[in-house]
Student: 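Here's a structure for you.
Every number for a ligand or one of its atoms is a count from 1 in the order of the listing. The figures here come from the full heavy-atom set of this structure, side chains too, leaving out hydrogens, waters and symmetry mates. Just so it is clear, the structure is predicted and the values come from calculations on it, not from any experiment.
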Amino acid sequence: MSIAVYPGSFDPVTLGHFDIIKRAAQIFDHLVIGVLNNSDKKTPLFSLDERVIMLKEAVKDIPNVSVESFDGLLVDFVKSRHSNVIIRGLRALADFDIELQMAQSNRMVAPDVDTLFLSTSLDYAFLSSSIVKEYAKYGVDVKDFVPGNVLPRLKEKLSKMSITTGGN
Ligand code: PNS
């Protein structure tokens, strides 16, 4: 059985991520989405549990996809799931440097784990979780950017933080 791991912060999951998930799930028998817990990045908007729940809701109709969180090194998580393939989406040249560096360093520490890049669909080439949060914060309706289940959670989160989300 071929198993791949699609890791990320998913804060929150976007339609760009979802597009990669659907396509990777067609290539592999099983796709494990790994949601990063230990982030060096700034504090995420959504808690780990919220990010996992939003992903589970979004992929509920894709039978060969599961969602888990992980701590520590990605390659260790990949091996623990009996996989040797990491899936990453490439949007544009701007992604390339960092993605190549990650893929190469992961191979240095785990030579049997490879990274497979899927090119993001043009419709989502501009999209990132940061852009979604930025627009939502300023009241732009982000329904074309995130899976439907994420919208109310985004609105609720931002309104709790007393930030207007606009839209309806
Ligand atoms: O969606 P993101 O935030 O770009 O995903 C980054 C991620 C989760 C793939 C990366 O930060 C990661 O693999 N973190 C786990 C720690 C690790 O293995 N680091 C070494 C590779 S840089």
Student: Could you tell me if any non-hydrogen atom of Gly72 lies under 4.0 Å from any atom of ligand 1?
Tutor: yes

Student: Is the contact between Asn106 and ligand 1 made by the side chain, the backbone, both, or neither, using heavy atoms and a 4.0 Å cut-off?
Tutor: side chain

Student: For Phe70 and Phe77, take the angle between the two ring planes, folded into 0 to 90°, and tell me which bin it lands in: parallel under 30, tilted 30 to 60, perpendicular over 60.
Tutor: parallel

Student: Would a line drawn from the ring center of Phe145 to the ring center of Phe126 be shorter than 6.0 Å?
Tutor: yes

Student: Using modelled atom types and a 3.5 Å cut-off, is there a donor and acceptor pairing between side-chain atoms of Ser121 and backbone atoms of Tyr124?
Tutor: no

Student: Does Glu99 reach ligand 1 with a nitrogen or oxygen that is under 3.5 Å from one of the ligand's nitrogen or oxygen atoms?
Tutor: no

Student: Any nitrogen or oxygen of Met102, main chain or side chain, under 3.5 Å from a nitrogen or oxygen of ligand 1?
Tutor: no

Student: Measure the NZ-CG distance between Lys79 and Leu74 for me, rounded to the nearest 0.5 Å.
Tutor: 11.0 Å

Student: Would you call Glu134 and Lys137 a salt bridge, taking side-chain N to carboxylate O under 4.0 Å as the test?
Tutor: yes

Student: Is there side-chain contact between Leu48 and Val35, with heavy atoms separated by less than 4.5 Å?
Tutor: yes

Student: Check ligand 1 against Ser9 and write out every atom of the ligand that is under 4.0 Å from a heavy-atom position of the residue.
Tutor: 1 (O), 2 (P), 3 (O), 5 (O)

Student: Specify side chain, backbone, both or neither for Leu36, according to which of its non-hydrogen atoms lie closer than 4.0 Å to ligand 1.
Tutor: side chain

Student: Using a 3.5 Å cut-off on N or O atoms only, is Ser105 in polar contact with ligand 1?
Tutor: no

Student: Of all the heavy atoms in Arg88, does at least one lie under 4.0 Å from an atom in ligand 1?
Tutor: yes

Student: Checking Arg51 side chain against Leu36 main chain: does a donor-acceptor pair fall under 3.5 Å?
Tutor: yes

Student: So which of Leu74, Ile86, Ile98 gets nearest to atom 13 (O) of ligand 1, if we judge by its closest heavy atom?
Tutor: Leu74

